[in-house]
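Below is one structure, written out as structure tokens, with a few remarks after it.
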Amino acid sequence: MKSKRMQLLIPEGMDVRLRRAAERDRVSRGAWVRQAIEERLQREAGPVPEDPLAELRTLNGPTSDICAMIGEIEAGRS
């Protein structure tokens, strides 16, 4: 996996808390920050369905042979 370097400035108090948290979890500060970012991004993205195809089936969308559906779409345009 290709990585990008990121530099950020944090207040001294936050750095102290970050160091303690990383030491407590026995990881580097960078690893701790990456994990925190990943957790936040996952929360904002919302839950991922266990089976995305099963989730699609619950939408009760139209299904048919693809050629038949294209034919119906094209017929509706004329």
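Basis for what follows: all heavy atoms, side chains included, without hydrogens, waters or symmetry-related copies.
- Residues forming a side-chain contact (heavy atoms from CB on, under 4.5 Å) with Ala45 (at least two apart in sequence, or on another chain): none.
- No continuous path of ILVMFWY side-chain contacts below 4.5 Å connects Leu18 to Met6, so the two sit in separate hydrophobic clusters.
- Through direct or relayed side-chain contacts under 4.5 Å between Ile, Leu, Val, Met, Phe, Trp and Tyr, Met69 connects to no other residue.
- By the side-chain contact (heavy atoms from CB on, under 4.5 Å) test, Leu9 pairs with no residue at all, sequence neighbours left out.
- By the side-chain contact (heavy atoms from CB on, under 4.5 Å) test, Asp51 is found to be paired with Leu53, Ala54, Arg57, residues two or more places apart in sequence or in another chain being considered.
- Residue pairs meeting the side chain to side chain donor-acceptor pair (under 3.5 Å) criterion with at least one partner in residues 3-12, sequence neighbours excluded, are absent.
- Residues passing the side chain to side chain donor-acceptor pair (under 3.5 Å) test with Glu23, sequence neighbours excluded: none.
- Clustering ILVMFWY residues whenever any of their side-chain heavy atoms sit less than 4.5 angstrom apart, transitively, puts Val27 in the very cluster that holds Ile10.
- Partners of Glu55 under the side-chain contact (heavy atoms from CB on, under 4.5 Å) rule, at least two apart in sequence or in another chain, are Pro49, Thr58.
- In the hydrophobic clustering, Ile66 connects to Ile70, either directly or through intervening members, whenever side-chain heavy atoms lie under 4.5 Å apart.
- Considering only residues two or more places apart in sequence or on other chains, Glu44 meets the salt bridge (Lys or Arg N to Asp or Glu O under 4.0 Å) condition with Arg40.
- Note: the hydrophobic cluster containing Leu41 also contains Leu8 (ILVMFWY, side chain heavy atoms under 4.5 Å, direct or indirect links).
- Applying the side chain to side chain donor-acceptor pair (under 3.5 Å) rule to Asp15 yields the partners Arg19, Arg29; only residues at least two apart in sequence or on another chain are considered.
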